[in-house]
Amino acid sequence: MRILGIETSCDETSAAVVEETGDVATPWAIRSNVIASQVPIHREWGGVVPELASRQHIRDICGVVERALAAAETTWRDLGAIAVTQGPGLVGSLLVGVSFAKAAAAASGLPLVAVHHLAGHIESLVLHNGELPLPSVVLVVSGGHTSLYLVERPGSYRTLSRTRDDAAGEAYDKVAKLLGLGYPGGPAIDRLAAHGNDRAIALPTTRLTHADRNAPELKGDLDFSFSGLKTAVLRHVRAREGGVSDQEIADIAASFQRVVVSALIDRLFVAARRHQARSVGIAGGVSANSRLRAELMDRGERREMPAFLPSLSLSTDNAAMIAAAGLRKFRAGVTASMDLNADAALTLG
Ligand code: KG4
Ligand code: ZN
């Protein structure tokens with residue numbers, strides 16, 4: 001069976017066709033994965049402008065779906081279902097994908113599957129690596145989220161911890177902005193950090209010891225916090241009255257990146273030990289980060305814990321991961337009805 005996936009939660013319009021292989025270990029194959037990025041539009045404003053994003057999704061969605069079907073040599077008749085990101089994300093952007101998917105399902109008579117965006121990111125690990133040894137602890141780290149999930153069975157997710165304030169990707173974007181590096185900030189800091197001294201600047205690491213009042217069911221000691229780090233970078237830059245040189249910017253980027261990456265990796269491995277995980281994974285836009293990728297593999301080897309990453313092209317937002325998560329849900333017998341609505345704050349686990 002083939003499924004069409006549609007993703008419009010933020011600033012990428014994407015459509016993909018994913019096919020079942022019949023193989024239990026590597027269940028899916030990507031036939032196409034078309035992404036129309038809006039980065040050049042938002043770069044001018046230093047970040048994503050929601051109203052511009054939803055308008056651009058409307059312009060792009062039909063062409064992107066047509067290109068995904070053509071590249072996959074697939075017609076509507078060859079499909080078995082349509083999967084779409086229901087949330088979380090920007091509501092105006094989500095609505096474009098959800099409305100398109102509902103219209104396409106009504107016109108074609110195909111079943112509709114609603115997918116959680118972060119379940120999609122987690123599925124990018126399986127798309128690239130095959131099924132993970134379970135239980136697995138997965139860190140989802142993107143522009144909007146930084147959360148640890150325990151995957152005990154395929155398709156089931158339990159939240160172990162999350163960020164109390166900024167997401168890691170958001171911290172990258174904000175620090176890049178204050179260093180004058182433009183949008184999106186993650187790749188820019190990643191590139192510059194390679195030329196900097198990662199011990200040049202003393203930046204704080206935040207450790208949380210108490211449960212969050214907003215989530216008393218979680219222990220809280222594995223929660224993340226990045227806003228103090230961002231403020232420390234801001235103070236450092238403001239204190240340099242003569243401005244910062246290119247070398248100092250590279251040093252700040254490297255020091256910032258060291259602190260973020262170790263906060264992420266440390267908590268991931270503590271959670272893995274606590275839950276007797278048989279594997280760990282990192283997914284979401286920040287999983288494209290070179291230092292995070294290298295440290296994950298290094299720590300995994302030292303701990304003899306199988307560690308997984310998506311390919312670079314599956315790290316950032318794409319519809320192939322949504323199609324794969326949709327297929328898993330469809331095979332578990334879950335479909336959506338025609339009153340499906342976008343949900344900007346949809347939760348997982
Ligand atoms: O998953 P994603 O494409 O969209 C969301 O769901 O948010 O993640 C985008 C985030 C942005 O904050 C971007 O700066 C960050 O991922 N990012 C990176 C890198 N590439 C993208 N952060 C650090 N290093 C990178 N190489
Ligand atoms: Zn994402």
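Order of listing sets the numbers, starting from 1, for every ligand and every atom in it.
- Protein heavy atom closest to atom 9 (C) of ligand 1, with residue, atom name and distance, is G143 N, 3.8 Å.
- Residues K174 and V233 form no side-chain contact, since every pair of their non-hydrogen atoms from C-beta on lies 4.5 Å or further apart.
- Scanning the protein for heavy atoms near atom 24 (N) of ligand 1, the closest one is N289 ND2, 2.9 Å.
- Within the 4.0 Å heavy-atom shell around ligand 1 one does not find H145.
- In this structure, H121 has a heavy atom closer than 4.0 Å to ligand 1.
- Atoms of ligand 1 lying under 4.0 Å from any heavy atom of D173, numbered from 1 in the order shown and given with element: 11 (C), 12 (O), 13 (C), 14 (O).
- No heavy atom of C10 sits closer than 4.0 Å to any atom of ligand 1.
- The pair D198-R291 counts as a salt bridge, with a side-chain nitrogen and a carboxylate oxygen less than 4.0 angstrom apart.
- For ligand 1, the polar-atom distance check against E12 finds no nitrogen or oxygen pair separated by under 3.5 Å.
- The contact set between ligand 1 and H117, taken as ligand atoms under 4.0 Å from a residue heavy atom, comprises 6 (O).
- Between Y172 and ligand 1, a contact under 3.5 Å exists for no N or O pair.
- In this pair, H117 and H121 present their aromatic rings perpendicular. The plane angle is above 60°, beyond the 30 to 60° band.
- Applying side chain to side chain contact (heavy atoms under 4.5 Å, CB included) to R2 and the options T74, L69, V18 leaves one that passes, T74.
- Nearest non-hydrogen protein atom to atom 8 (O) of ligand 1 is G285 CA, 3.3 Å.
- Between the side chains of S14 and N318, no donor N or O sits under 3.5 Å from an acceptor N or O.
- By the 4.0 Å N-to-carboxylate-O rule, D173 lies too far from K177 to be salt-bridged with it.
- The residues E131 and R328 are annotated as salt-bridged, a charged nitrogen and a carboxylate oxygen being separated by less than 4.0 angstrom.
- Without hydrogens or angle criteria, S315 side chain to G284 main chain gives no donor-acceptor distance under 3.5 Å.
- Enclosure of atom CD in E217 by more than 12 non-hydrogen atoms of other residues, nucleotides or ligands within 6.0 angstrom is indicated.
- Inclusion of S290 in the set of residues having an N or O under 3.5 Å from an N or O of ligand 1 is not warranted.
- In this structure, R240 places its CZ atom where only 12 or fewer heavy-atom neighbours from other residues, nucleotides or ligands lie under 6.0 Å away.
- Between R164 and T206 the shortest side-chain heavy-atom distance does not fall below 4.5 Å.
- Distances from atom 5 (C) of ligand 1 to the heavy atoms of D317, V260, V141 show the closest one on D317.
- Interatomic distance, NE2 of H42 versus OH of Y183, reported as 6.5 Å (0.5 Å rounding).
- Inclusion of P184 in the set of residues having an N or O under 3.5 Å from an N or O of ligand 1 is not warranted.
- Atoms of ligand 1 lying under 4.0 Å from at least one heavy atom of G144, given by number and element, are 7 (O).
- With hydrogens left out, the protein atom closest to atom 18 (C) of ligand 1 is G186 CA, 3.5 Å, a heavy atom.
- More than 12 heavy atoms of other residues, nucleotides or ligands sit less than 6.0 Å from atom CZ of R303.
- With respect to L94, the side chain to side chain contact (heavy atoms under 4.5 Å, CB included) criterion is satisfied by exactly one of C10, S99, S9: S9.
- Listed by chain and number, the protein N, O or S atoms at a distance under 2.8 Å from the Zn ion (ligand 2) are H117 NE2, H121 NE2, D317 OD1.
- Proximity to T316 (heavy-atom distance under 4.0 Å) selects the following atoms of ligand 1: 3 (O).
- The protein heavy-atom contact nearest to atom 15 (C) of ligand 1 is V286 CG2, 3.9 Å.
- What sits closest to atom 26 (N) of ligand 1 on the protein, heavy atoms only, is D190 OD2, 2.9 Å.
- Near G169, meaning under 4.0 Å from any of its heavy atoms, are these atoms of ligand 1: 12 (O).
- The environment of CZ in R238 is sparse: at most 12 heavy-atom neighbours from other residues, nucleotides or ligands sit within 6.0 Å.
- For ligand 1, the atoms sitting less than 4.0 Å from at least one non-hydrogen atom of A288 are 20 (N), 26 (N), numbered in the order shown with element in parentheses.
- A salt bridge is defined here as a Lys NZ or Arg NE, NH1 or NH2 lying under 4.0 Å from an Asp or Glu carboxylate O, and R274 with D221 meets this definition.
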